[in-house]
Amino acid sequence: MSPLPPEFFARSAHDVAPELIGVTLLVDGAGGPIVEVEAYDQDDPASHSFRGPTPRNAVMFGPPGVAYVYRSYGIHWCLNFVCDAPGRAEAVLIRAVRPEHGLERMRARRGLERERDLCSGPGKLCQALGVTNEHDGLPLDAPPFELFARTGIPEVASGTRIGLSVAADRVWRYGLAGSPFLSRPLGR
DNA sequence: ATGAAGATGAAT
DNA sequence: TTCATCTTCATC
């Protein structure tokens, strides 16, 4: 497997997102192929970057190819990959990973056995991979992160996001078709 | 200084 | 469907 080229993230999150499906994500050696993602751009009212820069979302406004990690509901961590040029705050939320490497470490962190429950959600995968706010702003091409290009072309399914009136016809979410490791079924 | 909402997950 | 849990950010 070959590392992702550095320029991979230097474009719109909407272009990056579908190509992330099948890319292997490891954090300190634990992880596996990404099976579900969601794209966020600055025109999206649901995006943290919608209302402009704040201390929390600062890294989204910086250079691409770094991690944006935020606290969700005071409980979970969520991992994003920052995309596009500095000043353009786009990112892809990593929503699910197929557990492949470091299974026992992930089980220990999650307190669960079943592989399907290990990384099938943005909060779950951060707990399983040990991602916290300490990873916020870290480059994705250096330890503890490792990203490996996919070897084949997976069958990528897509869906519009639910509950948003804005840009309802746009594709936001992508996943590996038929994967049992998704956070939830893909819509259309 | 204060409060409402939140890119979730697990249990009921 | 409810609730845990607490940071963030807008508003006062």
Side-chain angles (χ1 to χ4, degrees), chain A residues 9 12-18 20-21 23 25 27 30-31 34-62 64 66-84 88-99 106-138 140 157-176 179-188:
Chain A
F9 295 101
S12 166
H14 294 288
D15 294 331
V16 171
L20 236 22
I21 302 302
V23 169
L25 162 67
V27 181
I34 294 167
V35 296
E36 186 184 334
V37 298
E38 200 160 27
Y40 287 88
D41 65 49
Q42 212 166 345
D43 300 321
D44 177 1
S47 172
H48 292 166
S49 62
F50 182 67
R51 287 151 218 277
T54 67
R56 173 176 66 167
N57 64 22
V59 309
M60 279 184 88
F61 288 83
V66 305
Y68 166 48
V69 181
Y70 70 91
R71 189 80 134 151
S72 174
Y73 288 87
I75 305 170
H76 315 285
W77 299 106
C78 290
L79 170 66
N80 299 253
F81 295 165
V82 175
C83 299
D84 217 325
R88 303 180 54 88
E90 304 199 4
V92 177
L93 172 67
I94 311 304
R95 293 192 53 93
V97 162
R98 174 162 68 79
M106 293 195 277
R107 287 193 172 104
R109 289 181 181 135
R110 292 275 297 129
L112 292 168
E113 291 301 310
R114 293 180 42 183
E115 285 188 28
R116 310 164 73 100
D117 300 330
L118 255 28
C119 303
S120 53
K124 298 179 191 178
L125 79 88
C126 281
Q127 186 181 26
L129 306 203
V131 173
T132 70
N133 61 328
E134 295 188 3
H135 297 85
D136 188 44
L138 293 186
L140 297 169
S158 59
T160 56
R161 216 164 35 183
I162 317 163
L164 263 171
S165 53
V166 172
D169 57 334
R170 192 160 189 178
V171 173
W172 302 94
R173 191 159 150 259
Y174 297 90
L176 179 61
S179 170
F181 298 101
L182 302 174
S183 69
R184 53 197 179 121
L186 288 157
R188 153 209 15 233

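The structure presented is a predicted model; accordingly, all values stated were derived computationally and were not measured. Chain letters run A, B, ... following the sequence lines, proteins first and then strands; every chain starts at 1.
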What distance, rounded to whole Å, do you find between the two P atoms, one in C:dT5 and one in B:dT2? 23 Å
Only counting residues at least two apart or in another chain, list the ones meeting side chain to side chain donor-acceptor pair (under 3.5 Å) with A:Arg109. none
Counting C-beta onward and ignoring hydrogens, is there a side-chain heavy-atom pair between A:Gln42 and A:Phe61 closer than 4.5 Å? yes
Among A:Trp172, A:Tyr174, A:Tyr40, exactly one meets ring-ring contact (aromatic ring centres under 6.0 Å, His included) together with A:His14. Which residue is that? A:Trp172
Within residues 122-133 of chain A, which residues have any heavy atom lying less than 4.0 Å from an atom of DNA chain C? none
Anything under 3.5 Å between a protein N or O and an N or O of nucleotides 3-5 of chain B, put it in a table, one pair a line.
none

Report yes or no: is the ring centroid of A:Tyr40 under 5.5 Å from the six-membered base ring centroid of B:dA7, with the two planes under 30 degrees? yes
So, do A:Pro64 and A:Asp84 sit near enough that their side-chain heavy atoms are less than 4.5 Å apart? no
Around A:Arg107, counting heavy atoms of other residues, nucleotides and ligands shown, do more than 12 lie under 6.0 Å from its CZ? yes
Please examine the side chains of A:Lys124 and A:Leu118, heavy atoms only from C-beta on, and report whether any two atoms are closer than 4.5 Å. no
As a test of your reading of the structure, name each stem of DNA chain C as range with range, where a stem is three or more consecutive Watson-Crick or G-U pairs at under 3.5 Å. B:1-6 with C:6-11, B:8-11 with C:1-4
Side-chain contact test, heavy atoms from C-beta onward, threshold under 4.5 Å: evaluate it for A:Leu79 versus A:Leu129 and give yes or no. no
Base versus backbone protein contacts along nucleotides 1-9 of chain C [heavy-atom cut-off under 4.0 Å; B, S, -]: ---BBB-SS
Between C1' on B:dG6 and CG on A:Leu93, what's the gap in Å once rounded to a whole number? 13 Å
Strand contacts (DNA chain C) in residues 110-119 of chain A, 4.0 angstrom heavy-atom criterion: none
